[in-house]
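These figures come from a predicted structure and were not determined experimentally. Throughout, numbering of the chain's residues begins at 1 and tracks the sequence.
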Amino acid sequence: MPTRDIPYHNGSIHMSSQTARPPQRPDGKRTTRSARARRYIKQTAHVEARRDGKPIAFGWGAHLSRSEKNQLQRRAIWGVSIVVAVLIVAVIIFSWVNINVITPGLAITSVNGQAIPQSTYRKLVALKAQVENNKIYGVHGLNAQADSVKSQVDAQQSIITSMTADITATTKKIQALPAGTSIDRTNLTVQLDSDKQKLAAAQQQHDTLSAQYQTMQTDVTNELQLYTQSQVGNDSVQWLQDDAFIRSWLANQSSTIQGQINPSDSAVSSAVKSFVASFPKTTTYGSFLSSDNVSDADVQAMMALTLRRQNMQTYLASQIKSPAYAVLARTMTLDTQTHAQSILKQLKSGGDFAKLAKSNSVDSATKDQGGALDWLIQGQFAQTEAANTSVVVDNWLFDHSRKLNEISPILMENGAPRIVQILNVSPAYTVDATTLKSVQGDALTIWELQQRAVPGTQVTPADQTMLTDSSNMPSSLPSAAPAVATPATGGLPSGGGTTGGTTP
């Protein structure tokens, strides 16, 4: 078919049934395009989709196109970011759980397998430390009491100074009078005698108050020795262990006894109010809770523990009465286990206990008496001979199955080997008031020692790291006893008023 040309104003288009071709030069060559008309359009999609043959890592990825590599890179970045974010959140959560759940739940000690967590320990430390602080620095504390007495001492000193001046002035007036009897001399003499009596009374009151003030200063010094991290910490562990024994014992008692010892809610609330009322003027209950990181519920719980302990002491003391079961015994303390075994062998062979005690015992309090002890009621030996730290001997003596003249095996008490012998028993011994009151005062301590001595009882020592860990200690509680100034002997005026004067 013949071709045809179709004219067009902006050029001509040569149409063909086969194809459209641009106009040909006469010599058959294509017309060169104008540089101006030449345009290049970047074929991004085609380039991104093209494989560049470059691997991504370890020879892998050469088969991927550029767009696929970009997509893979974006996914990798997001994946890494998410993993990092998850790890950060996990670390934060683990740290929180460790600080607030795991670590506080770790046992600082245990009693017969019952763990006592350091979270409970921390709460009791907070309460006990503040109670001790109140006792020293509170509105009614020892310092406030001492300051009040000091004010009275100063007031008495002012009276003494004034009266001394009056006596001196009156004496001079009498000396200035003409010799002989006169109404003026009589009146001044009466006044002088009255002033001297008042001065003597003021001086006596001053001296009494001054001695009282010095005693209070000593009390403050002694109390400050107890206001330390180690003292409060060890006491708190002791109390928690004791409370475990008390609660275990209470579980087997009647409801009546349980009601006597377990404090009521009203008693706890009243005790907390009294506790708060004793705060120093610069401290509030809210600031105490915040600074020591405890709640009101924590304070209530620890106050209940404190009252339960007090009630247990009261109950146990009420069970110690006169007349009481008592034993008459003698004892000797040896220097070594080997020496004790030798003495015990001699005793079993008929050796004289008194003679052996005199020549071998290292107990200076009983040695010269052949080891003889006075009549004892239960708890008395632990109190007077073992310093309230052991009931090993006490428990042996007061086992009602013992027989007269029975000699004990070697009893290790506080690291020292002891041998005791029962000489007599009284089922109803009349106890003197002083001894009775003394043993009653240590009733809880003796009972707690007896609980620890029960065969099979296990009490783990306190974890020393947790004991004074900063997270368990109030920031205001000193690590050691704070330095205090020792009052000088002449720290208070002694009065020194004239009680006599010149004889008119």
Is a side-chain N or O of [X] found less than 3.5 angstrom from the main chain of [Y], in a donor-acceptor match?
X: S148; Y: A144; result: no
X: S248; Y: A244; result: no
X: T164; Y: I160; result: yes
X: S342; Y: T338; result: no
X: S210; Y: H206; result: no
X: Q378; Y: D394; result: no
X: D442; Y: T445; result: no
X: Q313; Y: Q440; result: yes
X: D292; Y: V294; result: no
X: D399; Y: S401; result: yes

May I ask you to check whether over 12 heavy atoms, not counting those of [X], lie within 6.0 Å of atom [atom1]?
X: K198; atom1: NZ; result: no
X: Q258; atom1: CD; result: yes
X: Q458; atom1: CD; result: no

Taking the side chain as everything from C-beta on, heavy atoms only, tell me whether [X] gets closer than 4.5 Å to [Y].
X: T109; Y: P461; value: no
X: T389; Y: L449; value: no
X: V125; Y: M473; value: yes
X: F288; Y: V276; value: no
X: W249; Y: I261; value: yes
X: V131; Y: K135; value: no
X: L423; Y: N405; value: yes
X: Y121; Y: M466; value: no

Rounded to the nearest 0.5 Å, how far apart are [atom1] of [X] and [atom2] of [Y]?
X: K403; Y: I422; atom1: NZ; atom2: CD1; value: 12.0 Å
X: Q464; Y: S230; atom1: CD; atom2: OG; value: 10.0 Å
X: Q152; Y: T208; atom1: CD; atom2: OG1; value: 11.5 Å
X: W239; Y: I116; atom1: CH2; atom2: CD1; value: 14.0 Å
X: N424; Y: L328; atom1: CG; atom2: CG; value: 6.0 Å
X: M412; Y: Q337; atom1: CE; atom2: CD; value: 5.5 Å

side-chain contact (heavy atoms from CB on, under 4.5 Å) with F381: which of I446, V391, L397, N395?
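Output: one option passes, namely L397.
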With E413 via salt bridge (charged side-chain N to carboxylate O under 4.0 Å, His left out) - residues at least two apart
R418
Which atom pair, heavy atoms only, marks the closest approach of [X] to [Y]?
X: A317; Y: A443; result: N-CB, 3.7 Å
X: I343; Y: L334; result: CG1-CD1, 4.0 Å
X: A115; Y: P117; result: O-CD, 3.6 Å
X: L124; Y: S236; result: CD2-O, 3.5 Å
X: I419; Y: A340; result: CD1-O, 3.8 Å
X: G371; Y: A357; result: N-CB, 4.0 Å

Assess, by modelled atom type and distance only, whether the side chains of S471 and D469 contain a donor and an acceptor separated by less than 3.5 Å.
yes
Distance-only polar pair, side chains of N234 and Q238, donor-acceptor under 3.5 Å
no
Among pairs that include at least one residue of residues 388-430, which meet ring-ring contact (aromatic ring centres under 6.0 Å, His included), considering only residues two or more places apart or in two chains?
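Of all non-adjacent pairs touching residues 388-430, those that pass ring-ring contact (aromatic ring centres under 6.0 Å, His included) are Y325-H400, W375-Y429.
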Could you go through T120 and M302, starting from their C-alpha distance and side-chain angles, then the distance that decides it, and tell me whether this counts as side-chain contact (heavy atoms from CB on, under 4.5 Å)?
CA-CA 8 Å; T120 304; M302 295 303 102; 4.0 Å; yes
Decide yes or no on side-chain contact (heavy atoms from CB on, under 4.5 Å) for L344 and I407, but give the supporting numbers first.
CA-CA 9 Å; L344 183 60; I407 296 175; 4.1 Å; yes
The test is side-chain contact (heavy atoms from CB on, under 4.5 Å); show your working for Q114 and R247 and say whether it passes.
CA-CA 11 Å; Q114 177 185 344; R247 287 184 286 107; 3.2 Å; yes
Against N472, only a single residue in Q229, R122, Q118, K123 fulfils side-chain hydrogen bond (donor to acceptor under 3.5 Å, both in side chains); can you say which?
Q118
Test log, rule side chain to side chain donor-acceptor pair (under 3.5 Å), inputs T331 and E385:
CA-CA 10 Å; T331 180; E385 300 295 324; over 6 Å; no
For F353, what residues pass the ring pair (Phe, Tyr, Trp, His ring centres under 6.0 Å) criterion, not counting sequence neighbours?
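Residues passing ring pair (Phe, Tyr, Trp, His ring centres under 6.0 Å) with F353: none at all.
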Start with the C-alpha gap between D298 and S295, add the side-chain angles, then the distance that decides, and say whether side-chain contact (heavy atoms from CB on, under 4.5 Å) holds.
CA-CA 5 Å; D298 295 334; S295 65; 3.1 Å; yes
